[in-house]
Amino acid sequence: MNTIKFPIEKFQRLDTPFYYYDTALLDATLDAAKAAAEGLARIHYAVKACANPKILGRIARAGFGADCVSGGEITAAIKAGFAPADIVFAGVGKSDREIRTALEAGIGCFNVESRPELENIGRIAVEMGRTARVAFRINPDVDAHTHAKITTGKAENKFGIAMDDMVQAIRTAESLEGVEYEGLHFHIGSQILETAPFEQLALRINELQDRLEAEGIRTASINVGGGLGIDYDAPDEHPVPDFQAYFDTFRRTLRLRPHQALHCELGRSITGQCGSLIARVLYVKQTATKQFAILDAGMTELVRPAMYGSLHAMQNLTSDRPAETYDIVGPVCESSDVFGKNYPLAGTVRGDFVALRSAGAYGEAMASCYNCRPLPQACFSDEL
Ligand code: LLP
């Protein structure tokens with residue numbers, strides 16, 4: 001099993017809080033994802049999950065493509081070694097500057113979310129003497145059964161083009177200079193642990209493909225987005241997500257045409273489990289009803305608990321005392337700066353190291369400088 005061993009001796013020399021990435025687990029995850037996708041799909045790593053340059057470099061060297069949502073991510077991906085042609089660019093509000101950055105770099109495909117955006121990309125491409133390959137992000141109206149804030153594929157969400165507008169959008173692309181219709185793009189949401197929503201997505205794509213064929217439209221590529229979830233409750237039991245079940249769902253259900261390429265954009269499932277936020281306990285504070293473990297990391301380093309109510313498994317790395325329950329909180333001046341309430345932790349004293357697990361995705365990438373706190377540093381198991 002690829003469980004993480006924390007090098008506590010080496011942590012003693014470092015200033016907390018910091019992100020710790022287990023690169024052996026990242027490599028094992030990349031290998032598993034590649035093996036499961038073999039012969040079926042090209043994986044574009046969703047850079048938004050973790051854009052740490054060393055992590056990006058490792059994923060690029062493993063042969064993955066990249067899924068970017070801003071000009072900044074495109075620049076970071078190219079710097080880390082991803083081939084521009086292997087980059088797809090999504091996002092509901094791409095600015096002119098970002099579109100130029102993408103065209104200049106020669107990225108593989110724009111995932112377009114509206115007709116005005118299509119026209120703008122075409123206009124800029126003509127100005128620059130380039131052609132932009134475009135895929136349309138279609139809103140498939142599939143419920144991902146996940147947290148409301150990370151559901152994206154329902155009719156009410158801001159993302160994508162309605163299914164009924166799909167043919168018209170493709171016809172517009174065919175009539176415009178500067179753009180070339182490449183395919184369809186989807187993304188139904190994130191942290192999806194069941195296969196049923198992916199199966200529904202595949203069935204929906206089959207219907208849409210039949211519609212396109214009836215119209216005589218040739219589609220070169222299908223991109224099913226990301227969304228495969230990870231086990232936040234028991235990271236050591238499932239350090240590597242079930243990529244096989246995920247890809248087999250598409251193998252079984254999606255009717256790809258012989259000339260078609262399948263793409264996906266996995267983020268969380270690639271980097272989530274290899275990263276932990278390491279904090280020190282500043283104080284243990286007793287009140288009449290509770291005890292608090294106050295960490296030197298807070299919502300500025302890991303915002304998911306405050307933002308989505310997520311619970312990251314926590315462990316005291318330096319105590320073997322009997323467990324007690326604590327409200328584990330950060331130092332930021334917000335009452336939502338709480339990592340867990342009545343959470344069982346080995347008896348804790350000032351100076352102990354606490355690991356917040358499964359923080360490799362949407363952890364470091366979402367850190368902020370609120371309260372003038374510095375951004376967290378990162379360290380890697382193979383460099384300590
Ligand atoms: N493709 C598109 C178009 C996306 O919007 C996303 C994520 C992905 C791919 C990657 O999805 P993944 O495989 O990581 O589920 N900050 C939230 C998650 C937001 C996800 C946004 N889109 C969190 O911390 O849970």
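Both ligands and their constituent atoms are indexed starting at 1 by order of listing. In this chain, numbering begins with 1 at the start of the sequence shown.
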Counting distance only, does the side-chain N/O of E98 pair as donor-acceptor with the main-chain N or O of G71 below 3.5 Å?
yes
Given that the side chain starts at C-beta and the backbone is N, CA, C, O, which of these parts of M366 lies under 4.0 Å from ligand 1, counting heavy atoms, or is it both or neither?
side chain
Answer yes or no: is there an ion pair linking D86 with R42, defined by an N-O contact shorter than 4.0 Å?
yes
Does an N or O anywhere in G227 fall below 3.5 Å from an N or O of ligand 1?
yes
May I ask you to establish whether K290 and Y326 are in a cation-pi arrangement, using a distance under 6.0 Å from NZ or CZ to the six-membered ring centre and at most 45° from the ring axis?
no
Salt bridge flag under 4.0 Å for residues E104 and R130
no
Just distances here: any N/O of G267 and N/O of ligand 1 closer than 3.5 Å?
yes
Answer with side chain, backbone, both or neither: which part of D67 has a heavy atom less than 4.0 angstrom from an atom of ligand 1?
side chain
Donor-acceptor pair, distance only, cut-off 3.5 Å: does the side chain of Q12 make one with the backbone of E9?
no
Just let me know how E265 lines up against ligand 1, side chain, backbone, both or neither, with a heavy-atom cut-off below 4.0 Å.
both
Please classify the F159 to ligand 1 contact at 4.0 Å (heavy-atom distances, strictly less than): side chain, backbone, both or neither.
neither
Check this for me - ligand 1, R268, N or O atoms closer than 3.5 angstrom, yes or no?
yes
